[in-house]
Each structure stands twice: as structure tokens, then as C-alpha cells.
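Take a look at the structure below.
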Amino acid sequence: MDTVPAIPDSAGFTITLSDAQDIATITLNRPDKRNAQTPETWLWLTRAVNALPGTVRVLFVRGEGPSFSAGLDRAVFTAEGTDEAPGLFGIAHADQETATAAIASFQQAFDLGSRPGLVSIALVQGYAIGAGFQLALSCDIRIAAQDVQFSMAEVSLGLVPDLGGTKRIVELVGYSKAASICLTGRRVSAEEADQIGLVTAVVPVERLAEAGDAFAAQILALPAAAVTETKALLLAASGRSQDDQQRAEREAQYRQLRALAGLDRED
């Protein structure tokens with residue numbers, strides 16, 4: 001698709017493109033509910049991101065108002081749900097195959113960092129709780145305001161983090177720190193998040209957008225193919241041996257050298 005679909009108000013977010021269509025911005029847009037999310041949010045988010053034009057190289061994710069996202073809207077703890085998505089208790093009454101398929105569809109929305117040609121940047125302020133925390137974790141880069149409070153609060157609701165966050169947080173901060181965060185549901189301040197490598201940078205609240213723009217400018221100033229190849233290498237690195245990673249680097253470099261020499265097309 002060449003255009004982003006119209007997002008219904010009930011999805012709770014908007015998506016906009018820069019004039020050059022090289023930057024997209026997803027804004028969680030329920031400030032009266034601290035940008036709480038629903039399954040409908042996740043289904044529409046997947047559709048919107050999949051529909052982004054190929055020209056988009058940077059994706060910002062932010063929240064309207066003083067908080068990024070307070071997590072799951074408690075109103076979804078029902079059986080009825082909406083026309084677009086089942087309620088959580090509705091999932092509980094389904095058979096395992098149906099229930100896990102529904103959760104798998106939600107997880108797709110939290111795959112923002114997996115596309116090599118798209119660099120995702122979360123601009124996080126205030127509360128980033130539960131699903132809000134996991135949405136930030138799904139991005140390549142997290143820039144945090146000094147007032148940020150992260151929490152993997154699912155366990156306090158009798159749930160588990162099921163939106164991809166358990167692997168991502170372990171890879172970012174290591175098992176022990178991840179356990180201390182996920183098994184207690186405690187709050188993580190901006191200072192601690194910076195110290196343990198959970199975020200890329202911490203800035204004053206009023207400079208959050210400016211810091212994001214600076215990162216985007218650095219990325220957009222570089223050759224797109226080189227950024228894409230490098231991100232692909234980084235994404236695959238943890239699952240490869242050193243020898244396999246170096247082989248992948250050699251192959252990627254060969255492609256880049258051929259492109260620079262004008263030999264990237266078949267004769």
C-alpha cells in the first residue's frame with residue numbers, strides 16, 4: 001500500500017508523515033486515559049505500520065500529554081470486547097488455539113524494530129507501564145524524559161508480559177536486572193534506566209522532541225542502503241556465532257561495494 005489507512009478514533013492513536021515522507025510519527029492519543037491501549041489499538045497499529053510507504057526511514061512513537069502510555073485499558077477486562085478485537089476474558093473462554101492466535105495477532109504490533117530499513121525511536125515521558133513499556137522496548141532507540149517511570153506491571157494484575165517484552169528486556173539489560181524489574185513490577189526511573197542501558201539517552205521533558213529530531217537527522221543523513229544492511233547485521237547478531245556473523249558482514253560489505261562501484265545490477 002502507498003498510503004496509511006484512516007485510523008478510527010477508537011484505536012486511540014494517530015499516524016502522520018513528514019512532507020518528504022521519510023519520517024512517520026505514531027502518537028498514542030488518549031491523554032485523558034494516559035494513552036492506555038486496547039487490543040483494537042494493536043490490530044490497527046499493525047495495519048498502519050505495514051502500510052507505511054517505502055520512503056519512510058524513521059518512525060517516531062510518542063504519547064500525547066504527560067505520559068507515554070499507562071499500559072492496558074482496564075475496560076478491556078471483559079468478555080465482550082469490540083467489533084475489532086475480543087475482550088481479555090473472552091480470550092480466556094476460548095480454546096487454546098484460538099486464544100493464542102489472538103495473542104499472536106496482538107504481538108505483531110510490537111515488532112517495530114524488526115524491519116531493517118526502518119529505524120524506530122520511542123520518545124518516552126511520564127508513565128510507560130505494561131504494554132506501554134513493551135511498546136517502547138519494541139523500538140530500536142528509546143529516548144527518555146527525566147520524569148519517565150517504566151514498569152512491567154503485568155505480574156501485579158495476575159498476567160505475564162506477552163507482547164515480546166521479556167526477550168527484549170533480557171537482551172538489553174541482562175537476566176538479573178530484567179528479573180528484578182519484571183518479577184516485582186517496580187518502577188524504574190530515568191536515572192536507573194540510563195545506568196542499566198534500558199534507554200539510549202535521557203533529556204529534559206522539554207527537549208524530548210528535539211532529541212528525537214537530532215537522532216532522525218543523523219540517520220537520514222547517511223546512505224539508506226548502508227543503514228539498512230548495518231541494522232540487519234545488528235538484528236541477527238545475537239543468534240549467530242562470531243564466525244557466522246563475520247561471514248554475514250563480508251557478504252553485506254560485498255553488496256555495498258558493488259553498489260558503490262555501480263555493479264549492483266545484473267549485466
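Numbers here are sequence positions counted from 1.
- For the atom pair CD (Glu154) and CG (Leu159), the distance works out to 7.0 Å, reported to the nearest 0.5 Å.
- Side-chain atoms of Arg62 do not come within 3.5 Å of backbone N or O of Thr25 as any donor-acceptor pair.
- Inter-residue side-chain proximity for Leu112 and Leu135 is flagged as met; some heavy-atom pair is nearer than 4.5 Å.
- Ring-plane geometry between Phe133 and Phe150 is classed as tilted, the angle between the planes lying from 30 to 60 degrees on a 0 to 90 degree scale.
- Hydrophobic clustering, with ILVMFWY side chains joined whenever heavy atoms are under 4.5 angstrom apart, keeps Leu234 apart from Val227.
- Looking at Ile129 and Arg187, their side chains come closer than 4.5 Å, going by heavy atoms from C-beta outward.
- Between Ile103 and Ser105, the closest side-chain pair of non-hydrogen atoms is not below 4.5 Å.
- For Tyr127, the OH atom is loosely surrounded, since the number of other residues' heavy atoms within 6.0 Å does not exceed 12.
- Criterion: ILVMFWY side-chain heavy atoms under 4.5 Å apart, direct or through other members. Under it, Ile219 and Val56 are not part of a common hydrophobic cluster.
- You'll find the side chain of Val148 stays beyond 4.5 Å of the side chain of Phe68, heavy atoms only.
- Each of Thr228, Leu220, Leu118, Val119 was scored for a side-chain contact (heavy atoms from CB on, under 4.5 Å) with Arg57, with one residue passing: Leu220.
- Ser114 OG to Gln108 CD: the interatomic distance, rounded to the nearest 0.5 Å, is 10.0 Å.
- Taking each heavy atom of Cys182 and Ile169 in turn, the nearest pair found is SG-CG2, 4.0 Å.
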Yes or no on side-chain contact (heavy atoms from CB on, under 4.5 Å) for Leu183 and Val155, after CA distance, side-chain angles and deciding distance?
CA-CA 7 Å; Leu183 302 183; Val155 67; over 6 Å; no
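- With hydrogens and angles disregarded, no donor-acceptor distance shorter than 3.5 Å links the side chain of Glu64 to the backbone of Asn35.
- Atom CH2 in Trp44 sits 12.0 Å away from atom OG1 in Thr38 (nearest 0.5 Å).
- Across Gly212 and Leu123, no two heavy atoms sit closer than the pair CA-CD2, 3.8 Å.
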Starting from the C-alpha separation in whole Å, work towards a yes-or-no answer on side-chain hydrogen bond (donor to acceptor under 3.5 Å, both in side chains) for Asn50 and Thr46.
CA-CA 6 Å; Asn50 287 342; Thr46 299; 5.8 Å; no
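- The environment of Asp9 atom CG is sparse: at most 12 non-hydrogen atoms of other residues, nucleotides or ligands sit within 6.0 angstrom.
- Considering Lys33, Arg34, Arg30 in turn, Arg30 is the only one that fulfils the side chain to side chain donor-acceptor pair (under 3.5 Å) rule with Asp73.
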Pair Ile121-Thr200, side-chain contact (heavy atoms from CB on, under 4.5 Å): steps then yes or no
CA-CA 10 Å; Ile121 303 174; Thr200 308; over 6 Å; no
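- Taken from CD in Gln107 to CD in Gln134, the straight-line distance is 9.0 Å, to the nearest 0.5 Å.
- A 4.5 Å side-chain heavy-atom check between Val202 and Gln146 finds at least one atom pair inside the cut-off.
- Enclosure of atom CD in Glu191 is not indicated, since only 12 or fewer non-hydrogen atoms of other residues, nucleotides or ligands lie within 6.0 angstrom.
- Atom CD of Gln253 is separated from atom CG of Leu260 by 8.5 Å, given to the nearest 0.5 angstrom.
- Put simply, Val203 and Val58 are part of the same group of oily side chains (I, L, V, M, F, W, Y) that touch within less than 4.5 Å, one to the next.
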Between Phe215 and Asp140, does the side-chain contact (heavy atoms from CB on, under 4.5 Å) criterion hold? Intermediate values first, please.
CA-CA 12 Å; Phe215 270 94; Asp140 297 299; over 6 Å; no
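- The closest side-chain heavy-atom distance from Leu59 to Ile26 is below 4.5 Å.
- Of all heavy-atom pairs between Val199 and Ala144, the closest is CG1-CB, 3.9 Å.
- Taking hydrophobic clusters as Ile, Leu, Val, Met, Phe, Trp and Tyr residues chained together by side-chain heavy-atom distances below 4.5 Å, Phe13 shares a cluster with Val49.
- Smallest separation of non-hydrogen atoms from Leu137 and Leu172: CD2-CD1, 3.6 Å.
- With a 4.5 Å cut-off on side-chain heavy atoms, Leu45 and Gln37 do not count as touching.
- Closest of all the heavy-atom pairs between Asp147 and Gly126 is OD1-N, 3.1 Å.
- Proximity of Leu17 to Thr55: side-chain heavy atoms (C-beta onward) are nowhere separated by under 4.5 Å.
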Please evaluate residues Ser151 and Arg186 with respect to the criterion side-chain contact (heavy atoms from CB on, under 4.5 Å), reporting the C-alpha separation (whole Å), side-chain torsions for both, the decisive distance (0.1 Å), and the verdict.
CA-CA 6 Å; Ser151 174; Arg186 68 180 180 84; over 6 Å; no
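- Cluster annotation: Ile23 is not connected to Leu28 through the hydrophobic network of ILVMFWY side chains, with a link wherever side-chain heavy atoms come within less than 4.5 Å.
- The shortest non-hydrogen separation linking Ala153 to Ser156 is O-OG, 2.5 Å.
- Taking CD of Glu249 as the start and CZ of Arg240 as the end, the distance is 9.0 Å to the nearest 0.5 Å.
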With side-chain hydrogen bond (donor to acceptor under 3.5 Å, both in side chains) as the test, would you mind laying out the steps for Ser138 and Arg168 before giving the verdict?
CA-CA 7 Å; Ser138 76; Arg168 293 180 179 119; 5.4 Å; no
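- The 12-atom threshold is exceeded at CZ of Arg115, counting heavy atoms of other residues, nucleotides or ligands nearer than 6.0 Å.
- Annotation for Glu97: atom CD does not count as buried by contact number, only 12 or fewer foreign heavy atoms lying within 6.0 Å.
- The closest donor-acceptor contact from the side chain of Ser67 to the backbone of Ser69 lies at 3.5 Å or more, if one exists at all.
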